[in-house]
Amino acid sequence: MIENASDCMEVRVTVGSRGEAARICSAVVEERLAAAAQIVAPIESVYWWAGEIRCSDEWLVFMMTAANRFEQLVRRVRELHSYEVPQIVAVPLVAGTADYLEWIRRETSPDFGE
């Protein structure tokens with residue numbers, strides 16, 4: 001069964017090392033700010049920084065969360081992140097399977113497991 005997913009989102013973050021990605025993923029999942037997090041192997045990023053074009057190897061992290069947990073997730077990622085201006089962007093989900101979306105909602109509920 002497919003349902004509307006407007007209350008769920010995928011959050012994308014880039015980090016400078018595999019270790020940093022793992023630390024952030026573990027923390028946000030353990031704290032139920034994300035139901036799941038995936039680390040994508042190194043990517044090459046090209047971007048403007050301090051008036052110059054830079055090129056860096058980075059790791060891309062995808063996090064699945066409920067929209068009502070986004071602000072808390074952003075705060076926690078910022079606390080753990082080494083960048084001055086980290087990429088933290090949310091992509092709203094349009095639709096998904098009912099059981100998967102319910103799993104995201106349940107696993108990111110601040111009251112789950114109490």
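Note that these values count all heavy atoms, side chains included, but never hydrogens, waters or copies made by symmetry.
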| field | Pair Asn4-Ser6, side-chain donor/acceptor within less than 3.5 Å | value | yes
| Are any of the side-chain heavy atoms of Thr14 and Ile43 separated by less than 4.5 Å? | yes
| Close side-chain approach of Arg54 and Ser45, heavy atoms under 4.5 Å | no
| In terms of heavy-atom contacts, does CD of Glu84 have more than 12 from other residues, nucleotides or ligands at under 6.0 Å? | no
| task | Would you name the heavy atoms of Ala34 and Thr108 that are closest together and state the gap between them? | result | C-CG2, 3.6 Å
| message | Hydrophobic cluster membership, with links at side-chain heavy-atom distances under 4.5 Å among I/L/V/M/F/W/Y: are Met9 and Ile24 in one? | response | yes
| request: Under the side-chain hydrogen bond (donor to acceptor under 3.5 Å, both in side chains) rule, what do Asp111 and Ser109 come out as? Steps first, then yes or no, please. | output: CA-CA 5 Å; Asp111 302 325; Ser109 170; 4.5 Å; no
| request: Indicate yes or no: at least one non-hydrogen side-chain atom of Val46 is less than 4.5 angstrom from one of Ile53. | output: yes
| field | Test item: side-chain donor near acceptor, Tyr47 and Glu58, under 3.5 Å | value | no
| query | Side-chain contact, heavy-atom cut-off 4.5 Å: Arg23 with Leu80? | reply | no
| said: Using the rule that Ile, Leu, Val, Met, Phe, Trp and Tyr join whenever any side-chain heavy atoms are under 4.5 Å apart, tell me whether Phe62 and Ile88 fall into a single cluster. | reply: no
| request: Is it possible for you to say whether Leu93 and Leu73 belong to one hydrophobic cluster, with membership spreading through side-chain heavy-atom contacts below 4.5 Å? | output: no
| For the residue pair Gly96 and Leu101, what are the closest heavy atoms and their distance? | O-CD1, 3.6 Å
| note | Val15 and Tyr83 have their tightest heavy-atom pair at C-OH, 3.3 Å
| said: Counting only heavy atoms not in Arg106 (residues, nucleotides, ligands), do more than 12 fall under 6.0 Å from its CZ? | reply: yes
| said: If I take atom CG from residue Leu60 and atom CD from residue Gln38, how far apart are they, to the nearest 0.5 angstrom? | reply: 10.0 Å
| message | Side-chain heavy atoms nearer than 4.5 Å, only ILVMFWY residues, links allowed to pass through others: does that put Met64 and Phe70 together? | response | no
| request: Output all residues satisfying side chain to side chain donor-acceptor pair (under 3.5 Å) with Arg75, sequence neighbours left out; order by chain, then residue number. | output: none
| Asp57: partners by side chain to side chain donor-acceptor pair (under 3.5 Å), with sequence neighbours left out | none
| field | Side chains of Ile39 and Cys25 in contact at under 4.5 Å (non-hydrogen atoms) | value | yes
| request: Using a strict cut-off of less than 4.0 Å between a Lys/Arg side-chain nitrogen and an Asp/Glu carboxylate oxygen, indicate whether Glu79 and Arg76 qualify as a salt bridge. | output: yes
| said: I need the minimum non-hydrogen distance between Glu107 and Arg32, along with the two atoms involved. | reply: OE1-NH1, 2.6 Å
| query | Are the side chain of Arg12 and the backbone of Val91 linked by a donor-acceptor contact shorter than 3.5 Å? | reply | no
| message | Hydrophobic cluster membership, with links at side-chain heavy-atom distances under 4.5 Å among I/L/V/M/F/W/Y: are Val11 and Val74 in one? | response | yes
| remark: Heavy-atom closest pair (Val61 atom, Ala21 atom, distance to 0.1 Å) is CG2-CB, 3.8 Å
| Do side-chain atoms of Thr65 reach the backbone of Leu33 as a donor and acceptor pair under 3.5 angstrom? | yes
| remark: What one should report as the nearest heavy-atom pair of Arg69 and Glu31 is NH2-O, 3.5 Å
